[in-house]
Peer 1: 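Let me begin by handing over the structure; questions about it come next.
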Amino acid sequence: MAIPGLEQLPVLPVVIPLVAAPLTLLMKPGRAPWAWATLVSWVTFVTTLLLLEGVWVNGPIEYAMGGWGAPDGMTAPLGITYYIDLANALVLTLVAGIASVVFPYAYYSVESEIDHRQTPAFYTALLICFTGLLGVTITGDAFNVFVFLEISSLSTYALVAMGARNDRRALTASFNYLVMGTIGATFFVIGIGLLYQATGTLNMLDLHQQLMGQSNRMVEAGFAFIITGIGLKLAMVPLHLWLPNAYCYAPSAISAFLAATATKVQVYIILRFMFTVFGFEFAFLDVALNAFIILGIAGMFYASFVAVFRDNVKQMLAYSSIAQIGYMLLGISFGTVDGVAASLIHVFNHALMKAALFMGVGCVVLRIGYSNFSAFNGLAKRMPWTAWGLIISGLSLVGVPLTVGFISKWKLMEAAFQTQTIIPPLLIVLLIGASSLLAAIYIGRLAYAMLLQPVPEDAEPVKEAPHLMRITMWIMVLANIWFFFQTDVTVGVATRAAQALLDTGLGYGGAY
Amino acid sequence: MEDFQTPLQPIILLDLAILSLLIATAFAMMRVRRLFAVVMLSGIFSFLAALFFVSLDAVDVAFTEAAVGAGISTVLMLTGMLLTARREKPAVPGHKNIAMVICLVTGAALFYATIDMPAFGDPNAPANIHIGQEFVERTPQDIEIPNIVTAVLASYRGFDTLGEVLVVFAAGVGVMLLLGAGSLRGGRKVKDDRPGDDETEHDGREF
Amino acid sequence: MDIIEFIVGRYNYWIFITLMMMGLYIVISRGNLVKTIVGLNLFQTSVFIFYISIGKIVGGTAPIIVGNYKADDSYGDGHGDGYGADATVTDHGNSGASENLHDTDGLDLPSNSLSADVPAGGEVSAASGSLHQMPETAADMASGTDAAYASVADAAAQGAEVIYTNPLPHVLILTAIVVGVATTAVGLALAVRIREAYGTIEEDELEAEDHFAEFGVPLHPEQGQGRGQGSQTQGGAA
Amino acid sequence: MMAHLILRVTIKLLFAPIIIFALYVQFHGDYGPGGGFQAGVIFAAAFVLHALGFGIDETKKVLPPKVLPWLMVIGVLFYAGTGVATLLLGENFLDYDILQPDSHHHAGQHIGIILVELGVGIAVASTMLTIFYHFAGREPEIRDEDW
């Protein structure tokens, strides 16, 4: 432990928002719930940073809920345990970090998009969602993943639907999300049930030990159901249909928060199950890795292509998110430390870019009222700070040097050259380049509208977004640049995290 | 390992009776278009499931399914139905085919899994000799209450249950957001004026 | 493997799978939103039945400990002894178990002999799967290992011992049921709002309206597009 | 209003036993089937029944909707607070043993289980009622007569 006397640190990132969320409901509408949520996100962020440092220095931490750890002679703990290694410590820090920037940002945006009387319930739901995402990431128990996944999902459905004040399509988007998400969660539960039937345990590390060498039909089907279930929640390409509208019509702050965290947590779950639980010589794993290559590349192209033609910038960014999930799957599909590290790096970097982009669009929605391309015409003159923030984070999305996007793609290409997959590495690199070109087209379209299009004649003069929103957005924009120079932070942590994931997975460093 | 076989006892007849009723109810739910009937059938399905849970020795689950599945869920669906529609329109055939394909693939995957499953009721199945068994043995010493399910629910896996309470809470908050004070009736069409702007207490502040 | 045996051991699972697929079919064929939610419920409930059947043990009983259960001193001691004796039977000579268990409590319980051997206990097939707790009083059990041995053996011969069904799936499903009802509530609330906003809760009409709002051209309902195709045409049409 | 007379008398007769049954299920969960969830749902069912017989407005007088968010929060915090208490006493989250550390017979576990089950019961009952109030209190888009 990094700081003596903090033995209970591992549980704090979940318990703090969990206790704080209900209290928010009782507050007076307006500033109080927002300030409270912001404070909670900052405190949580500090605890996750301490946790990350602790894991970095001392290796994986285990924490037994209720003290029900593994009794002598047992390979599995009796209760639920938290198992924190670098991979989930990184994702935890990312989620809490994004929250600690997006929550303060949310204030004006929420005041304009949500009924004033609903703000306490809104921030309660936001904190519950936050709790759920952290709980999914930190836990070492397969069923506990489901419970916290549903905590975050249920609150997300309600939050997405709050966009109905701007556009009723938020309601149908949210309903589709609910149906697909629930099917995904139920598939996940079926998968866990099959694994439980094959092993008798729910703890991830113990599952790994019990499953090792087993390759019967139950395990294969369980694996398929888990991957499909999470694939639905992740919006992996053929299962992505809920995502564009959900992100597009959700309130701005929610889009920014979800795009930067929710899918990232799902990628982490995939990593955890593929490498920690199933990380052994398992025929199905290779099938899945090959499928991920195909799905990843299909996603990169299909979604980027669709994004080019969207008229709504939020929807364009949502499709771009699906494309970026393709990059992450591609990294995973290499099945090597470099590949997984590249995937984790992109998880981190993409969260930074998408948060900044959606926050920028949120500023435009606040001032101009909608997010179609026509709202962005001449934006560089009307709202220069927002426009330039959008351009820089857009360049990061394309993968231009001096931004984190470049690091992501560089690492991904590097990893591609060091692996042997069904597709030759050179082709993969070319495909990554081509897909980045598509990204350049849609970001270029946005930049063109903002820089070169004239301000509409009849446009009312608008003010720049409030300071709070601009500052928080620019924190994210600058993070996009800063982490280009501080690669040892992200790349270092991600590489060691990938190492840890594959090591526990391949059976060397089991915790028990 | 494979020396256990599910005994052919007369109780199987009872199980089969309940199971065939379950199938019949589910089939009726697929076919019937009157939503009131569908909701009632869903309640019946939950009761039958509760009955079957009793025959599987899961009394706590049976109790919960009867109270939650057949009780509260049915009430909610009835009120929800009253606020929405009474009948379902015929589905588009194209959807039916897609649904059929997806269901067949999923069902085949599950069927595939059953081939290697331990026989129904096998005491030596992996599921029944690892942690589950441990709870039965330890509860008397660790917790000292007779109901092992309560012991596991509230203590060994108490954190899951906390999560479950939070799920319920989240649902409550979600419904408050969707239907509570300040929620719109419906939502805004693209061309409408933004609803509710005049009635909100924005106190005219400019950010 | 005998084909009858194979079927008798699995027909339950097949019926649950059929139920699940019926639920999933209702959901995916996407007619009415309320019916979709009913279908989700059906799907989930069938998964719950499947889960519970995993933990079923033939001849078992509900996991509520029977016998004169009292949380007092004599019971606690008696139980330790009783169990120790029982372990002797099942595991062929872990006689130290009773001493170990006698005075321990809570987390410090050293489970060297008990838990480690249970998974391996498949050799004594009838006895290994579950706890055999004797419904005798503490006094009987405390009277000595031999007596307990005799009584356990006796009871086992008569089939009088209590086998408890695996409680863990029950706990998981209790959680899942509540998650299910929570989803139902939120889903219905959404359906109510959709009804108010669109005047319908039929999926294809909603899709047509949304499509019109997005592209300004009507979506031809007779094409019968599924979700996948629907979105691709959207991409192409733009 | 006489039309619902039998219904209303029955509901009046049943109301108290249902509440008592809910309490029984709540506090007997250690010994038999049942616990906080079931109790909470049964408790809510009593009020749902009342609303069906007497109208939602009457029920809202018996149990005002303003109270419910407080009860929801109290319920969750009862549970989470038990965990926080064990944290503050220096043990792991939800390790009930520390609540009564000297006891040989797991009084701590018993106290912990009763507390958290109570939290579950309060939270579930009030949340279910909140949800029901919101559904039942919503004006239908189409009046009953128009169907």
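Reminder, nothing fancy here: chain letters follow the sequence lines and each chain counts from 1. Heavy-atom basis, side chains included; hydrogens, waters and symmetry copies ignored.
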Peer 1: Between Leu172(C), Ile54(C), Thr61(C), Thr183(C), which has the largest tally of heavy atom pairs under 4.5 Å with chain B?
Peer 2: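 Looking at each option in turn, the highest pair count goes to Thr61(C).
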Peer 1: Which heavy atom of Ile72(B) sits nearest to which heavy atom of Val181(C), and what is that distance?
Peer 2: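 Here Ile72(B) and Val181(C) meet closest at CG2-CG2, 4.2 Å.
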Peer 1: How long is the gap from CG on Leu83(B) to CD on Glu196(C), to the nearest 0.5 Å?
Peer 2: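 Answer rounded to 0.5 Å: 7.5 Å.
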Peer 1: Just do the side chain to side chain contact (heavy atoms under 4.5 Å, CB included) check on Ile131(B) and Leu168(C) with the steps written out, would you?
Peer 2: CA-CA 8 Å; Ile131(B) 293 292; Leu168(C) 184 52; 4.0 Å; yes
Peer 1: If I compare all heavy atoms of Phe53(B) with all of Ile49(C), which pair ends up nearest, and what's the gap?
Peer 2: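 What the structure gives for the nearest pair is CE2-CA, 3.7 Å.
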Peer 1: Determine, step by step, whether Asn12(C) and Phe52(B) satisfy the side chain to side chain contact (heavy atoms under 4.5 Å, CB included) criterion, reporting the C-alpha distance in whole Å, the side-chain angles of both residues, the deciding distance to 0.1 Å, and the verdict.
Peer 2: CA-CA 11 Å; Asn12(C) 273 289; Phe52(B) 195 68; 3.7 Å; yes
Peer 1: Please identify, among Leu41(B), Leu56(B), Val54(B), the residue contributing the most non-hydrogen atom pairs under 4.5 Å to chain C.
Peer 2: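 Counting heavy-atom pairs under 4.5 Å, the top option is Leu56(B).
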Peer 1: Within this structure, what is the CD-CG distance for the pair Glu164(B) and Leu174(C), rounded to the nearest 0.5 Å?
Peer 2: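 Result: 7.0 Å between the selected atoms.
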Peer 1: So which of Ile194(C), Thr200(C), Thr45(C) has the largest heavy-atom pair count under 4.5 angstrom toward chain B?
Peer 2: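 Heavy-atom pair counts peak at Thr45(C).
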Peer 1: Which heavy-atom pair separates Leu177(B) from Arg193(C) by the least distance, and what is that distance?
Peer 2: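 Scanning both residues, the minimum pair turns out to be O-NH1, 4.2 Å.
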Peer 1: Can you tell which part of Ile64(C) gets under 4.5 Å to a heavy atom of chain B, answering side chain, backbone, both or neither?
Peer 2: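 When you check distances to chain B, atoms from both the backbone and side chain of Ile64(C) fall under 4.5 Å.
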Peer 1: Nearest 0.5 Å, what's the CE-NZ distance between Met29(B) and Lys35(C)?
Peer 2: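 Nearest 0.5 Å value for the CE-NZ distance: 8.5 Å.
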Peer 1: I need the contact set between residues 153-162 of chain B and chain C: heavy-atom distance under 4.5 Å, sorted by residue number.
Peer 2: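 The stretch touches chain C at Leu153(B), Arg157(B), Asp160(B).
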Peer 1: Listing request: all salt bridge (Lys or Arg N to Asp or Glu O under 4.0 Å) pairs with a residue in residues 11-31 of chain B, at least two apart in sequence or in separate chains.
Peer 2: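 Every pair satisfying salt bridge (Lys or Arg N to Asp or Glu O under 4.0 Å) with a residue in residues 11-31 of chain B: there are none.
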Peer 1: Specify which of Ile173(C), Thr175(C), Val178(C), Ile26(C) makes the most heavy-atom pairs with chain B at under 4.5 Å.
Peer 2: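 Highest number of heavy-atom pairs under 4.5 Å: Thr175(C).
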Peer 1: So which atom in Ser29(C) and which in Ala99(B) form the shortest heavy-atom distance, rounded to 0.1 Å?
Peer 2: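 In terms of heavy atoms, the two residues are closest at N-CB, 3.6 Å.
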Peer 1: Tell me whether the count of non-hydrogen atoms from other residues, nucleotides or ligands lying under 6.0 Å of CD1 in Ile4(C) goes above 12.
Peer 2: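 No, CD1 of Ile4(C) has 12 or fewer neighbouring heavy atoms, counting only those of other groups under 6.0 Å.
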Peer 1: With sequence neighbours excluded, give me every ring-ring contact (aromatic ring centres under 6.0 Å, His included) pair touching residues 22-52 of chain C.
Peer 2: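 Found none.
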Peer 1: Among Gly60(C), Ser46(C), Ala191(C), Gly180(C), who wins on heavy-atom pairs under 4.5 Å with chain B?
Peer 2: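 If we count pairs closer than 4.5 Å to chain B, Gly60(C) comes out on top.
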Peer 1: Examine distances only and state if a side-chain atom of Arg195(C) and a backbone atom of Ala85(B) form a donor-acceptor pair shorter than 3.5 Å.
Peer 2: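 No: the side chain of Arg195(C) does not pair with the backbone of Ala85(B).
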Peer 1: Where does Met22(C) contact chain B at under 4.5 Å (heavy atoms): side chain, backbone, both or neither?
Peer 2: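 Contact with chain B is through both the backbone and side chain of Met22(C).
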Peer 1: Please report the closest heavy-atom contact between Ile102(B) and Ile28(C), naming both atoms and the distance.
Peer 2: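 So the two residues come closest at CG2-CD1, 3.5 Å.
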Peer 1: If we define contacts as heavy-atom pairs under 4.5 Å, which of Val68(B), Leu19(B), Leu76(B), Ile11(B) has the most with chain C?
Peer 2: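 Highest number of heavy-atom pairs under 4.5 Å: Leu19(B).
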Peer 1: Side chain to side chain contact (heavy atoms under 4.5 Å, CB included), that's the test. Do Val8(C) and Phe120(B) meet it? Break it down for me.
Peer 2: CA-CA 8 Å; Val8(C) 170; Phe120(B) 177 71; over 6 Å; no
Peer 1: Could you report the tightest heavy-atom contact between Val186(C) and Ala171(B), atom names first, then the distance?
Peer 2: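 Taking every non-hydrogen atom into account, CG2-CA, 3.8 Å.
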Peer 1: Quick check on Phe169(B) against chain C: is it the side chain, the backbone, both or neither that has a heavy atom closer than 4.5 Å?
Peer 2: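 Contact with chain C involves no heavy atom of Phe169(B) at all.
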Peer 1: For Leu35(B), which atoms come within 4.5 Å of any heavy atom of chain C: side chain, backbone, both, or neither?
Peer 2: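 Answer is side chain: those atoms of Leu35(B) sit under 4.5 Å from chain C.
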Peer 1: What residue, out of Ser42(B), Gly80(B), Ala58(B), has the most heavy-atom pairs lying under 4.5 Å from chain C?
Peer 2: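 The option with the most such pairs is Ala58(B).
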Peer 1: Examine whether an atom of Val32(B) lies under 4.5 Å from a heavy atom of chain C, and if so say whether it belongs to the side chain, the backbone or both; otherwise answer neither.
Peer 2: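 For Val32(B), the contact with chain C is made by the backbone alone.
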Peer 1: So which of Glu202(C), Glu205(C), Glu203(C) actually passes salt bridge (Lys or Arg N to Asp or Glu O under 4.0 Å) with Lys89(B)?
Peer 2: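 Between Lys89(B) and the candidates, salt bridge (Lys or Arg N to Asp or Glu O under 4.0 Å) is satisfied uniquely by Glu205(C).
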Peer 1: Show your working on side chain to side chain contact (heavy atoms under 4.5 Å, CB included) between Ile115(B) and Phe6(C) and close with a plain yes or no.
Peer 2: CA-CA 8 Å; Ile115(B) 297 172; Phe6(C) 182 75; 4.2 Å; yes
Peer 1: Any chance you could measure Phe135(B), atom CZ, to His170(C), atom NE2, to the nearest 0.5 Å?
Peer 2: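 Reported to 0.5 Å precision, the distance equals 13.0 Å.
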Peer 1: Hey, what do you get for CD (Glu88(B)) to CG (Leu33(C)), rounding to the nearest 0.5 Å?
Peer 2: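 The distance works out to 10.0 Å.
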Peer 1: At a 4.5 Å cut-off on heavy atoms, which part of Thr74(B) comes close to chain C: side chain, backbone, both, or neither?
Peer 2: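 Neither the backbone nor the side chain of Thr74(B) comes within 4.5 Å of chain C.
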Peer 1: Answer whether the closest heavy-atom distance between the side chains of Ile12(B) and Tyr11(C) falls below 4.5 Å.
Peer 2: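 Of all side-chain heavy-atom pairs linking Tyr11(C) with Ile12(B), at least one is under 4.5 Å.
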Peer 1: Considering only heavy atoms from C-beta outward, does the side chain of Ile65(C) approach that of Pro140(B) to under 4.5 Å?
Peer 2: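 Ile65(C) reaches Pro140(B) side chain to side chain.
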Peer 1: Using a cut-off of under 4.5 Å on heavy-atom pairs, state which of Val34(C), Thr18(C), Thr184(C), Leu19(C) scores highest against chain B.
Peer 2: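 Winner by heavy-atom pair count: Leu19(C).
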Peer 1: What residues of residues 105-112 of chain B make heavy-atom contacts with chain C at a cutoff under 4.5 angstrom?
Peer 2: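 From residues 105-112 of chain B, the residues near chain C are Thr106(B), Gly107(B), Leu110(B), Phe111(B).
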Peer 1: Atom CD1 in Ile18(B), atom CD1 in Ile15(C): separation rounded to 0.5 Å?
Peer 2: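 It is 11.0 Å, given to the nearest 0.5 Å.
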